Amino acid sequence: MWKRAAVVALVTVICRVAVLAVLPARAVSLDLSAWREVATMLNHGQNPYASSFLNWPPLWMQIIGEVSTASRATGIPFALLLRLLLIVADAVNAMLAFIIARRFLAIRAPERLLIVGVAANPVLILLTCQHANFDALPVMAMLLFTMAFLRYRESGEPADWLAASFSLGIGVLLKTFPLVLAPLLMIRTRELAVRVRVLGVLLFIAPAAIGMSTIYVLDPLDVRRYVLGYRSAPGSFGITGLLTLAGLTDVIAGYGAIFPFIALAALVFLGSVLWRSSDIEPSRFVLLAGVTLASLVAFGSGYGPQYIAWPLFFFVLSYACFDEKWRADVAVAGCVAAATYLIEYALVPYLGGFLMNASSPPRLWWWSDLISDPRGAALLRLPLFACYLWLIASARSRLTPLRA
């Protein structure tokens with residue numbers, strides 16, 4: 001199994017290195033430029049949280065600092081070294097997905113599925129090679145969480161459940177969105193001793209709490225403004241994208257204000273349902289994780305193109321677990337996503353615009369300006385949003401009823 005997993009990881013690396021070799025040098029996203037600025041600030045002893053460059057707990061800042069140190073020591077350009085680190089993370093994620101598919105989902109030969117859905121997926125390749133976003137790292141934490149929890153489901157060992165709690169806590173330390181998977185920890189929690197539950201809660205919240213407390217005491221105002229108050233960019237996707245297209249931009253701020261309460265209520269409800277359930281099959285667990293993350297992307301008050309990485313692995317894994325109708329739904333959604341991202345990352349300047357930064361760029365400036373605008377972006381992403389909604393709705397019949 002490990003050799004076959006290594007093959008998928010190797011294909012993942014080869015695909016990304018090949019794209020990196022032909023990617024125009026000027027195809028640099030706004031995020032990658034921000035990481036360079038953060039590295040410069042750290043090298044000068046400045047606090048990156050005193051600006052809007054970082055909107056998450058501090059682990060990613062520490063990783064940037066270490067990459068910057070390694071860059072100076074080896075002479076390898078910072079951007080290249082950072083991308084290579086993310087390529088390694090992608091390869092590890094591919095191996096973890098293989099192990100989950102083979103070990104827990106009983107998929108006999110998941111190589112082809114993962115090569116198409118993960119290793120050679122243009123969406124993930126663009127996110128790593130051009131965007132250089134670090135969502136592959138919290139995704140890794142969520143995959144480790146999935147492995148640990150499914151192991152707990154088989155063994156009943158408290159150590160496995162604690163490992164799942166800690167893995168999810170590390171994911172939150174990297175970026176806050178893995179919080180939405182916390183209700184999944186409620187499954188079979190009633191079987192555990194109270195002291196184990198308390199320790200699990202501490203393992204889940206302590207990493208991010210300790211990390212946030214460190215940066216908070218240094219600059220409380222900016223941490224509240226740029227981290228705790230961060231909601232990403234509204235108006236170009238999902239509900240807020242529809243509001244933009246309808247000309248109701250004044251309503252977007254109100255939706256952003258109430259969404260956290262809606263999300264919290266939904267998570268509490270999901271947790272209560274899972275607390276009462278005695279068990280859940282591994283395939284449904286994976287699908288439920290994907291649907292929960294996809295719902296956050298689709299209905300959230302802010303959006304970033306990198307958010308697609310959150311549910312993608314779980315939907316790819318679920319592809320082989322259900323009927324032909326579900327497979328067709330996932331395949332169509334994957335094709336729509338690939339087409340959308342190829343257009344965006346080819347033409348949008350703040351995403352790097354590989355076509356616009358080619359040595360002889362075509363005359364596509366009008367199209368570039370159009371989809372760089374929130375209204376144009378919302379229109380381009382409308383089919384992708386429809387796919388999110390369709391997958392969420394289609395998954396419902398495959399998730400209910402949960403075992404009581």
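Position 1 is the first residue of the sequence; numbering continues from there. Worth saying up front: this structure is predicted, and the values here are computed from it rather than measured.
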Donor-acceptor under 3.5 Å (Arg36 side chain, Phe78 main chain)
no

- Task: May I ask you to check whether Phe149 and Phe285 place their ring centres under 6.0 Å from each other?
- Result: yes

| query | Given side chains that start at C-beta, do those of Val291 and Pro311 come closer than 4.5 Å, heavy atoms only? | reply | no

Exercise. Taking atom OH of Tyr350 as the centre, report whether more than 12 heavy atoms of other residues, nucleotides or ligands fall under 6.0 Å from it.
Key: yes

Query raised in the report: Which is it for Val286 and Leu105 under the side chain to side chain contact (heavy atoms under 4.5 Å, CB included) test, yes or no, and what are the steps along the way?
Result: CA-CA 9 Å; Val286 168; Leu105 301 179; 4.1 Å; yes

Given the options Phe237, Trp310, Tyr307, Phe299, Tyr388 meets ring pair (Phe, Tyr, Trp, His ring centres under 6.0 Å) only with Phe237

- Go through Leu185 and Phe145 one step at a time and tell me if the side chain to side chain contact (heavy atoms under 4.5 Å, CB included) criterion holds. CA-CA 9 Å; Leu185 285 169; Phe145 154 74; 3.6 Å; yes

When rounded to the nearest 0.5 Å, the distance separating OH of Tyr319 from CD1 of Ile107 is 11.0 Å

(Q) For a quick check under 3.5 Å, do Asp329 and Ser394 share a side-chain donor-acceptor pair by atom type? (A) yes

* To do: Could you check Arg398 against Asp323 for side chain to side chain contact (heavy atoms under 4.5 Å, CB included), going step by step and ending with a plain yes or no?
  => CA-CA 10 Å; Arg398 295 163 176 86; Asp323 53 87; 2.9 Å; yes

Using atom types as modelled and distance alone, determine if a side-chain donor or acceptor of Arg375 lies under 3.5 Å from a backbone N or O of Leu245. yes

Note to self: Within a 6.0 Å radius of atom CH2 on Trp275, are there more than 12 heavy atoms belonging to other residues, nucleotides or ligands?
What the structure shows: yes

With a 3.5 Å distance limit and no angle check, can you tell me whether Tyr216 reaches the backbone of Gly211 through a side-chain donor-acceptor pair?
no

Separation between CG (Leu242) and CG (Leu382), nearest 0.5 Å, reads 6.5 Å

Could you go through the side-chain hydrogen bond (donor to acceptor under 3.5 Å, both in side chains) check for Ser236 and Arg381 one step at a time? CA-CA 8 Å; Ser236 63; Arg381 295 164 177 166; 2.8 Å; yes

- Item | Short side-chain to backbone donor-acceptor contact, Ser368 and Leu347, under 3.5 Å | yes

* Might you confirm whether atom CZ of Phe177 has over 12 heavy atoms from other residues, nucleotides or ligands at distances under 6.0 Å? => yes

Using the ring of Phe104 (Phe, Tyr or Trp, six-membered ring only), decide whether Arg151 places NZ or CZ under 6.0 Å from its centre and within 45 degrees of its axis.
no

When rounded to the nearest 0.5 Å, the distance separating CG of Leu288 from CD1 of Ile187 is 6.5 Å

Using a strict cut-off of less than 4.0 Å between a Lys/Arg side-chain nitrogen and an Asp/Glu carboxylate oxygen, indicate whether Arg153 and Asp160 qualify as a salt bridge.
no

Here the gap from Arg72 atom CZ to Leu81 atom CG, rounded to the nearest 0.5 Å, amounts to 11.5 Å

Could you tell me whether a side-chain N or O of Asn93 sits under 3.5 Å from a main-chain N or O of Ala136, the two making a donor and an acceptor? yes

Output for pair (Leu267 CG, Leu184 CG), nearest 0.5 Å, gives 10.0 Å

Handout entry: Any donor-acceptor pair under 3.5 Å from Arg197 side chain to Arg190 backbone
Key = yes

Notebook entry, point to check: Between the side chain of Gln130 and the main-chain N/O of Ala27, is any donor-acceptor distance below 3.5 Å?
Noted result: no

| Below 4.0 angstrom, N of the basic side chain to O of the carboxylate: do Glu111 and Arg102 qualify? | no

### Side-chain (Thr240) to main-chain (Gly235) donor-acceptor, under 3.5 angstrom
yes

Donor-acceptor contact present, side-chain Ser29 to main-chain His131, <3.5 Å:
yes

Q. Would you say Ser277's side chain and Leu274's backbone share a donor-acceptor pair under 3.5 angstrom?
A. yes

**Prompt:** Quick one: do the Thr128 and Arg83 side chains pair a donor with an acceptor below 3.5 Å?
**Reply:** no

Side chain to side chain contact (heavy atoms under 4.5 Å, CB included) for Thr146 and Phe313? Distances and angles first, verdict last. CA-CA 11 Å; Thr146 301; Phe313 276 84; over 6 Å; no

Rounded to the nearest 0.5 angstrom, the CH2-CD1 distance for Trp35 and Ile64 is 5.5 Å

With a 3.5 Å cut-off and no angle check, do the side chains of Ser318 and Trp326 form a donor-acceptor pair?
yes

